[in-house]
Visitor: 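One structure is given below, represented as structure tokens, and several questions about it will come after.
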Amino acid sequence: MEQTIVIGVHQFIGFHLTNELLEKGKTVIGIDNSTDIENNEMDLYIGRNANYSFLTLDQLKEVKVSEQTTVFIDWYDIQINRDNCRVSPEELRNVLQHWGEDKAPIVMVLCPMVQESEQTFIEWQRIKSEKIIYLPTVYGPWQPETMAFAAAISDVDTNELLRTCKNDYRLDAIFIDDVLTALPEIQKQEHQTIILESVSKNQWAACAEELNKPELIKTLTSVENRVYNEKAFYHKVINSVTPKQGIALQIEHFEKMKRLSISE
């Protein structure tokens with residue numbers, strides 16, 4: 001039976017991806033070791049769906065997979081939010097190797113376009129991956145406060161805001177819905193290593209301007225354009241959600257969650 005496994009279901013991208021798949025009627029197994037307190041709120045959105053089940057990483061070894069199984073690994077958020085999600089590449093390799101080569105699933109690894117990604121690429125090359133997909137800054141509702149836009153919206157102090165910038169790829173930004181729209185087409189492509197890139201230019205800077213945080217704009221002067229893999233294929237993503245619209249939606253979600261926490 002065709003099924004999808006999302007490792008990092010309680011993470012930003014993993015949650016949105018799971019919700020999208022469930023809305024399309026897919027059967028999804030969510031995997032996470034996260035300790036984040038927002039997990040309960042996420043589960044309210046996806047946990048009651050009859051096509052969804054949740055397992056820990058240790059339990060994943062017992063899942064029967066086939067060549068029709070697709071495994072999405074949200075390494076983007078696991079790496080950026082590693083204090084709350086304790087998953088290592090070695091743990092994931094052990095699970096994938098446990099399944100063996102005969103019935104190996106299709107593996108899609110979502111990685112961040114930050115400095116650590118060079119090492120991440122080397123790590124993932126040791127396992128049989130169908131595709132490694134590098135993402136610039138992805139933003140929208142549920143973005144963790146370890147990233148600059150969410151930190152700015154929650155109004156952290158300047159020093160903390162600047163620290164979060166190291167987790168952002170500040171040359172580009174794509175709204176989460178546009179990333180999800182691009183994934184089905186990417187799955188059909190023959191390229192193994194893919195970098196997502198906005199059609200519109202300067203999207204990160206435009207988002208920072210919407211947040212009215214001059215200190216974010218100033219960090220752009222120290223950003224260098226780096227290519228992590230010269231053989232990678234650049235997939236152009238249409239920015240159907242503008243920075244103005246996307247930041248407004250992220251602020252709206254933040255305010256909603258803030259009201260819910262106060263009422264509790």
Visitor: If the test is side-chain contact (heavy atoms from CB on, under 4.5 Å), which one of Ile7, Ile31, Thr4 qualifies with Phe72?
Guide: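 Filter result, single survivor: Thr4.
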Visitor: Would you mind reporting whether Thr70 and Pro105 have side-chain heavy atoms less than 4.5 Å apart?
Guide: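 Pro105 does not reach Thr70 side chain to side chain.
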Visitor: Kindly say whether Ser200 contributes a backbone atom to a donor-acceptor pair with the side chain of Asn239 at under 3.5 angstrom?
Guide: yes
Visitor: So does Thr193 get a backbone contact from the side chain of Lys131, meaning a donor-acceptor N/O pair under 3.5 Å?
Guide: no
Visitor: Establish, from distance only, whether the side-chain atoms of His235 and Glu197 form a donor-acceptor pair under 3.5 Å.
Guide: no
Visitor: Looking only at atom types and distance, does a side-chain atom of Asp32 sit under 3.5 Å from a main-chain N or O of Val9, one as donor and one as acceptor?
Guide: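 Yes, because the side chain of Asp32 sits within donor-acceptor range (under 3.5 Å) of the backbone of Val9.
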Visitor: Do Leu162 and Thr219 come within less than 4.5 Å of each other through their side chains, counting heavy atoms only?
Guide: yes
Visitor: Tabulate below the donor-acceptor pairs under 3.5 Å that side-chain atoms of residues 12-25 make, not counting sequence neighbours, or state none.
Guide:
{"residue": "His16", "atom": "NE2", "partner": "Pro141", "partner atom": "O", "Å": "2.7"}
{"residue": "Thr18", "atom": "OG1", "partner": "Gly14", "partner atom": "O", "Å": "2.8"}

Visitor: Checking side-chain polar atoms at under 3.5 Å, does Asp77 have a donor or acceptor matched by the opposite partner on His10?
Guide: no
Visitor: Heavy-atom distance under 4.5 Å between the side chains of Leu211 and Leu216, does that happen here?
Guide: yes
Visitor: Is it true that the side chains of Thr146 and Asn167 contain a donor and an acceptor less than 3.5 Å apart?
Guide: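 Per modelled atom types, Thr146 and Asn167 side chains form no pair under 3.5 Å.
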Visitor: According to a 4.5 Å side-chain heavy-atom criterion applied to Ile, Leu, Val, Met, Phe, Trp and Tyr, with indirect links allowed, do Ile238 and Ile195 form part of one hydrophobic cluster?
Guide: no
Visitor: Between Tyr139 and Trp204, is the ring-ring contact (aromatic ring centres under 6.0 Å, His included) condition met? List the steps.
Guide: CA-CA 10 Å; Tyr139 69 105; Trp204 194 93; over 10 Å; no
Visitor: Treat each ILVMFWY residue as a node, draw an edge where side-chain heavy atoms are under 4.5 Å apart, and state whether Val199 and Phe175 are in one component.
Guide: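 Not linked; separate clusters.
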Visitor: Mind checking whether Asp155 and Lys213 have side chains closer than 4.5 Å, heavy atoms only?
Guide: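 They are in side-chain contact.
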Visitor: Show the numbers, then the answer: is there a ring-ring contact (aromatic ring centres under 6.0 Å, His included) between Tyr45 and Trp142?
Guide: CA-CA 12 Å; Tyr45 284 83; Trp142 302 99; 5.8 Å; yes
Visitor: Taking everything shown except Asn49 itself, do over 12 heavy atoms lie less than 6.0 Å from its CG?
Guide: yes
Visitor: Between Gln59 and Thr56 (side chain of the first, backbone of the second, donor and acceptor by atom type, cut-off under 3.5 Å), is there such a pair?
Guide: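 Yes, the answer is positive, given that a donor and an acceptor are paired below the 3.5 Å cut-off.
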Visitor: Could you list the donor-acceptor pairs under 3.5 angstrom formed by side chains in residues 241-251, with sequence neighbours left out?
Guide:
{"residue": "Thr242", "atom": "OG1", "partner": "Gln245", "partner atom": "N", "Å": "3.1"}
{"residue": "Thr242", "atom": "OG1", "partner": "Gln245", "partner atom": "OE1", "Å": "3.3"}
{"residue": "Gln245", "atom": "OE1", "partner": "Thr242", "partner atom": "N", "Å": "3.0"}
{"residue": "Gln250", "atom": "OE1", "partner": "Gly140", "partner atom": "N", "Å": "2.9"}
{"residue": "Gln250", "atom": "NE2", "partner": "Gln143", "partner atom": "OE1", "Å": "2.8"}

Visitor: Assess whether a salt bridge exists between Glu185 and Lys188, defined as any Lys/Arg side-chain N lying under 4.0 Å from an Asp/Glu carboxylate O.
Guide: no
